[in-house]
Amino acid sequence: MTKVPALILASASPRRLGLLQQIGLEPDHLMPADIDETPNKLETPRALALRLARGKAEAVRSIVAQSEDLADSVVLAADTVVAVGRRCLPKAEMTDQALACLSLLSGRGHRVFTGVAVIAPDGKLRSKVVETRVRFKRLSRKDIDEYMASGEWRGKAGGYAIQGLAGSFVVKLVGSYPSVVGLPLSETVTLLSAAGYPVHKDWSTSAS
């Protein structure tokens, strides 16, 4: 019987973990990658999302490659970038950052790029960027103030979480909803399958 490789998620994001669990995938290990996420000069949002996803996967792969138990693992990493034009919005940590993001996104469209990278046990890296277009309604000062008070924006790309309260701001979405949350599921499954990971192995026991 072929041994199933361990699946390592190179992220501490509960949203990405929840999305994987939704489709019956339970990572064997969570190993968040610590890399510099500063955009390069003139780097496009799409290129940034792809570079960071690959960088996170490679950083974790370099660690597990030295482990006798984990060397044959499949490593999955992702990164999400929210952009207005060519401008990459920050992962808001401070109040002024979130206020600036929400004010900018109010009443206009923006793009969300999520890069996904998978490294197979043989070391081959496969990656993909998924682009989704999102439009917010025009936000009142009350909308912004009350969302800021919720604290939900903290640590989120573009200063909002579409799967939470800010879902009420969205008037249009073209593309992948789970990608905006943090992980495009169809593309992730395709990459994992190409890396030799049996993505449907637990489906027969997952129905409730």
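Starting from 1, each residue takes its place in the sequence as its number.
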Problem - Pair Tyr160 + Tyr147: ring centers closer than 6.0 Å - result: no
Completion exercise
For Ala53 and Val116, the nearest pair of non-hydrogen atoms, with its separation, is CB-N, 3.9 Å
Problem - Basic-acidic side-chain contact under 4.0 Å: Glu131, Arg46 - result: yes
Practice task
Applying side-chain contact (heavy atoms from CB on, under 4.5 Å), run through Val75 and Val64 and close with a yes or a no.
Solution key: CA-CA 9 Å; Val75 177; Val64 302; 4.3 Å; yes
Completion exercise
Scanning both residues in full, the closest heavy-atom pair of Pro27 with Leu17 reads CD-CD1, 3.6 Å
Problem - From CD1 (Ile8) to CG (Leu70), nearest 0.5 Å - result: 5.0 Å
Completion exercise
Correct closest heavy-atom pair for Asp28 and Pro5 would be OD2-O, 4.3 Å
Handout entry: Between NZ on residue Lys201 and CD on residue Glu26, distance to nearest 0.5 Å
Key = 9.0 Å
Problem - Euclidean distance, Ser150 OG relative to Arg154 CZ, rounded to 0.5 Å - result: 9.5 Å
Problem - Atom pair OH (Tyr177) and CG (Leu19), whose distance is rounded to the nearest 0.5 Å - result: 8.5 Å
Practice task
Answer yes when Glu146 and Lys142 have at least one side-chain N-carboxylate O distance shorter than 4.0 Å, and no when they do not.
Solution key: yes
Completion exercise
CE of Met31 to OG of Ser11, rounded to nearest 0.5 Å, is 12.5 Å
Exercise for the section: Compare every heavy atom of Ala83 with every heavy atom of His110, then report the nearest pair and how far apart it is. Expected result: CB-O, 3.3 Å
Practice task
Please lay out, stage by stage, how Lys172 and Lys137 fare under the test side-chain contact (heavy atoms from CB on, under 4.5 Å).
Solution key: CA-CA 9 Å; Lys172 188 175 184 180; Lys137 70 176 185 177; over 6 Å; no
Problem - Under-4.0 Å salt bridge between Glu37 and Arg51 - result: no
Handout entry: With sequence neighbours excluded, residues passing side-chain contact (heavy atoms from CB on, under 4.5 Å) with Ala157
Key = Val82, Lys91
Handout entry: Any Gln22 side-chain heavy atom under 4.5 Å of Leu185 side chain
Key = yes
Handout entry: Name of the residue among Leu183, Val199, Val189 meeting side-chain contact (heavy atoms from CB on, under 4.5 Å) with Leu20
Key = Leu183
Problem - Close side-chain approach of Val112 to Val81, heavy-atom, < 4.5 Å - result: no
Problem - CZ on Arg141 to CG on Asp145, rounded to 0.5 Å - result: 4.5 Å
